[in-house]
Amino acid sequence: MMKRLRAMREPLKYVQGRDALLQFKKEMGYMGKRWLFICSRSGYKASHEKIEVSFGSSDDYRRYEIFGGISSHSEINKMKKIVTEEHIDAVVGVGGGSAVDTAKATAYYTGRHVIIIPTVAATDAPCTGLSVIYNDDHSFDKYLFYPTNPDAVMVDTKIIANAPVKFLVAGMGDALGTYFEGRASLRTESASLEGTGITRAGMALAKLCYETLRQYGRQALEACRVHAVTPALESIVEANVYLSGVGADNVNCAAPHSFYNGVTALGIKHADHGCCVAFGTLVQLVLEGASKEEFEEVQNFCLEVGLPVTLEELGVTTEDQVKMIAQKACVPGETIHNLAGDVQPIELYDAILQTDAIGKLILGK
Ligand SMILES: [Zn+2]
């Protein structure tokens with residue numbers, strides 16, 4: 001078998017700052033004159049005015065589609081039709097989750113440019129080269145992998161600072177896994193999320209992501225509470241959106257994301273992605289037999305910014321639920337198998353219990 005090639009990929013352009021959207025046209029204008037904005041409801045509200053100001057007296061064609069649905073085949077087809085009929089040059093995804101995934105897919109199928117404007121920093125999805133696609137009945141269909149990452153990602157940090165704090169915290173949880181997941185994947189020479197070998201550059205970003213969280217996480221949280229744009233907030237936005245996204249794409253996931261997939265199988269409503277990934281990171285450290293110092297460093301970070309350190313905080317309360325999580329997280333194809341030693345459900349189950357026990361101890365429960 002041929003040796004896997006190492007590769008590195010990221011958005012061609014990344015722009016971030018206070019009121020960045022006021023310069024949308026200036027920064028992105030090279031991509032064309034006819035624009036389709038696919039916006040979530042809140043994304044539209046937060047950004048529409050600023051984007052319009054950026055066009056000034058330009059006669060560029062702008063069409064805004066307010067998107068309440070999910071990234072399903074019929075929604076994507078609807079957007080594809082608009083792109084063709086209105087001769088759109090660039091598709092812009094504005095908001096979180098589904099609007100962004102729909103924009104990426106629409107641009108890919110029609111061969112147009114794609115720009116992502118995240119209006120919350122809750123996950124690392126904006127910078128990655130993949131979408132989650134659903135069937136029309138809302139069931140999960142597949143991950144759609146693209147040959148490249150988005151043309152550009154633009155983040156207006158004033159908009160992020162105005163969004164609820166819980167999104168920023170969730171984003172930090174998602175970002176917390178990146179370094180440890182990458183380190184585990186590299187140890188076993190596993191492929192990156194994009195199927196190539198892991199580069200030193202990818203690992204360096206993942207490491208910087210973790211360092212940035214520890215350095216600025218708490219300060220950024222306080223800044224966001226009062227809607228302030230400060231260097232700490234800017235650093236955490238970059239960690240959550242860029243370092244975590246480009247990091248994960250180029251190094252792969254491991255136990256934390258499998259733990260999240262296990263929790264989703266329980267159908268608990270408030271099991272947030274980032275919160276599960278944070279707790280899953282602690283679980284991975286237990287599985288790896290990490291040092292007391294390292295475990296405490298990560299756990300202290302969770303406590304500092306309000307990420308969960310016990311199962312109860314995730315809404316997981318029974319032994320059967322933990323068993324189910326451990327089963328589902330270890331099915332073939334799960335990223336937990338990027339860890340050394342072919343993790344079995346019983347091992348994961350025990351690691352979850354120990355993580356929870358240490359968490360309870362620290363919370364005095
Ligand atoms: Zn994630």
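Each ligand, and each atom within it, is numbered from 1 in the order the structure gives. The residues of the chain are indexed from 1 along the displayed sequence. FYI, side chains are in, hydrogens and waters are out, and symmetry mates aren't considered; it's all heavy atoms of this structure.
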Quiz item: Do the charged groups of D60 and K33 touch, with an N to O distance under 4.0 Å?
Solution: yes
Practice problem: Check H257 and report its N/O/S atom nearest to the Zn ion (ligand 1), by atom name. | Solution: NE2
Exercise. Would you tell me whether N338 and E181 have side-chain atoms, one donor and one acceptor, within less than 3.5 Å of each other?
Key: no
Quiz item: Are I82 and W35 joined in one hydrophobic group, where the rule is that I, L, V, M, F, W and Y side chains link up if heavy atoms are under 4.5 Å apart?
Solution: no
Practice problem: Tell me whether C253 has at least one N, O or S atom under 2.8 Å from the Zn ion (ligand 1). | Solution: no
Quiz item: Say you draw a straight line from CG of L221 to CG of L233; how long is it, rounded to the nearest 0.5 Å?
Solution: 10.0 Å
Quiz item: With the Zn ion (ligand 1) at the apex, how many degrees lie between OD1 of D174 and NE2 of H273, rounded to 10 degrees?
Solution: 90°
Quiz item: With a cut-off of 2.8 Å, does any N, O or S atom of D124 fall short of it relative to the Zn ion (ligand 1)?
Solution: no
